Structure formats: structure tokens, C-alpha cells
Amino acid sequence: MQDAIGILDSGVGGVSLLRRAVHWLPNENFIFYGDNRNAPYGPRPFEEIRELSAAAVDALLQQGVKALALGCNTITAAYAEQLRANVRIPVIGMEPALKPASLARRNGVVLALATKATLSLERFARLMGLYGEGVIPIEGKGLVEIVEAGKMNSPEAHDALAAIFAPFMGEQVDAIVLGCTHYPFLRRQIEAFFPGAQIFDGMDGTAQQLKRRLEAEGLLADRDAPGEIEFQSSGGPESIELMKRLFEMEI
Ligand code: DGL
């Protein structure tokens with residue numbers, strides 16, 4: 001595919017970013033690549049996450065993408081800096097939306113859900129230093145696996161969320177940060193636990209940042225027609241089917 005923007009994730013989660021990127025950049029071509037064979041990345045050691053991220057990035061670079069959007073907080077935290085030092089095309093990363101969520105905090109707390117790797121890397125500590133007052137980081141244990149299995153509306157999804165949120169039931173939760181790109185596909189289920197909380201997933205900010213970078217570098221597609229989208233995976237055809245389903249799903 002000519003002049004495409006590459007978006008990648010450990011699996012299907014980054015489709016949540018792709019959706020917003022297509023909204024803001026409807027004339028662009030996109031290749032979405034999910035490393036479904038190796039998802040989840042979050043519980044793995046950093047060195048392994050870096051190696052897997054490098055291979056996934058390579059799969060897109062070999063196709064001549066003009067920019068890369070890391071549709072994954074974990075890959076961004078573990079690998080974005082190293083990647084930027086080694087490639088000449090724009091690289092847009094993602095990080096948990098602590099800043100806007102902290103502004104929405106009143107007298108209660110902000111729950112910041114992310115993977116184990118994202119929460120333990122330095123980038124997150126820096127964010128906490130800036131916007132962490134009243135923010136409680138929580139590992140979204142098991143949630144990536146549930147979305148990878150396409151079981152968003154299952155009893156397993158409900159039970160996993162109930163276990164994660166149990167310590168906070170009855171507390172005033174003002175905002176929830178979805179700090180992993182898989183989690184927006186569980187948004188409705190999450191909202192049901194804390195109906196008054198505002199949800200922040202950072203997707204629009206990242207997609208707009210991608211647009212600004214392309215504009216600044218003179219890389220925007222020069223066409224009026226809608227662009228094309230291609231889904232690719234290191235996994236099987238069922239992963240591609242799931243990506244397409246998530247691309248259309250109402251969230
Ligand atoms: N979707 C990824 C993120 O945003 C992580 C999923 C994983 O653990 O592989 O952090």
C-alpha cells in the first residue's frame with residue numbers, strides 16, 4: 001500500500017486508536033499491524049517487550065510506511081525513545097491520559113488502569129510526578145486477554161473487572177484512565193461499575209497529534225477520496241476478523 005501510516009499494537013487493542021485516526025485523517029491509507037501471536041506484552045520482561053516491539057515495527061517499516069503511530073501504551077513506554085533514535089519517519093506514541101483526568105478530579109480519586117509494564121516503567125513515574133495527586137495506578141489484570149479472545153460481553157469480563165475494582169467500590173471515583181488501548185473496548189462494562197466517573201482514553205489527543213505531525217512534515221495525503229485500511233497480524237485469520245469487528249463496534 002502506497003504512502004500508508006503504520007499503526008501497531010501487541011494485538012487488537014490499537015484498533016481503538018486506528019478508529020480515531022481514520023476519523024481525523026479520513027483520506028490517509030493505514031496499515032494496522034497486531035502482534036497477536038505474542039500478545040499480551042504487558043506481563044513480559046522489558047527486554048522481551050523491546051525485542052517483540054522491534055520486530056513488529058520492522059514488519060511495518062519493510063512496507064515503507066511514512067509514519068508510525070504506536071497504538072500501545074506498553075510499546076511506547078518500553079521502546080519509543082529507542083525507536084525514535086533509529087528511524088527518520090515520525091513516531092507518535094501514547095501515554096495514559098493522566099493530565100486531563102487529573103483536571104476532572106474533585107474530592108475523589110482517579111483510577112489509572114494500565115498494564116504491569118506501563119505502570120512500572122520510568123515514563124509513568126514521570127507522569128505521576130506531574131499529575132499523580134489523587135491518582136491510583138491499577139494493573140488491568142486479565143483484561144487484554146479477554147479482549148484478544150473477543151469476549152468483551154462475557155461473564156469473564158465482568159468478573160475480571162469486579163476483581164480489579166473491588167477495593168474501590170463505595171469510594172468516590174471521579175475519573176478513570178484507560179491506559180491501555182485494549183480497554184476502550186470494555187468501556188461500557190467499566191462505566192457500569194462507576195456510573196459517575198468520567199472516562200479518559202487519550203485516543204483523540206494522540207490521533208490529533210499524528211495529524212499535526214504529518215501536517216508539519218508535509219506528509220499529508222494529497223487526495224480527496226477516502227483512504228484504504230489494511231489489517232495485518234502475526235496471528236491467524238481469526239485475529240484479522242476480530243480487528244475488523246472491533247473497528248466497527250460501538251463503544
Ligand atoms: N494495548 C497495549 C497497551 O496499550 C498493551 C497490551 C499488552 O499487554 O500486550 O498497553
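Atoms within a ligand are numbered from 1 in the order they appear, just like the ligands themselves. Fair warning: this is a prediction, and the values are worked out from it, not measured in the lab.
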N/O contact list for ligand 1, threshold under 3.5 Å:
from	atom 1	to	atom 2	distance (Å)
ligand 1	1 (N)	Asp9	OD1	3.1
ligand 1	1 (N)	Thr181	OG1	2.9
ligand 1	1 (N)	His182	ND1	2.8
ligand 1	4 (O)	Asn73	N	2.8
ligand 1	4 (O)	Asn73	ND2	3.1
ligand 1	4 (O)	Thr181	N	2.8
ligand 1	4 (O)	Thr181	OG1	3.3
ligand 1	8 (O)	Tyr41	N	3.4
ligand 1	8 (O)	Gly42	N	2.8
ligand 1	9 (O)	Ser10	OG	2.6
ligand 1	9 (O)	Tyr41	N	2.6
ligand 1	10 (O)	Asn73	N	3.4
ligand 1	10 (O)	Thr74	N	3.1
ligand 1	10 (O)	Thr74	OG1	2.6

Pick from Gln232, Gln2, Glu230: which one makes a side chain to side chain donor-acceptor pair (under 3.5 Å) with Gln63?
-> Gln232
Glu81, CD: over 12 other non-hydrogen atoms inside 6.0 angstrom = no
Linking Ile, Leu, Val, Met, Phe, Trp and Tyr through side-chain heavy atoms less than 4.5 Å apart, which residues share a cluster with Phe124?
-> Leu98, Val110, Leu119, Leu127, Met128, Leu130, Tyr131, Val135, Val177
Show me the donor-acceptor pairs within less than 3.5 Å that the side chains of residues 200-209 make with the rest of the protein, sequence neighbours left out.
from	atom 1	to	atom 2	distance (Å)
Asp201	OD1	Met203	N	3.0
Asp204	OD1	Arg20	NE	2.9
Asp204	OD1	Arg20	NH2	3.2
Asp204	OD1	Trp24	NE1	2.8
Thr206	OG1	Gly202	O	2.9
Gln209	OE1	Arg212	NH2	3.0

Have Asn36 and Ser233 got a donor and an acceptor in their side chains that come within less than 3.5 Å?
-> yes
Just grab all the side chain to side chain donor-acceptor pair (under 3.5 Å) pairs involving residues 239-251, residues at least two apart or on different chains.
-> none
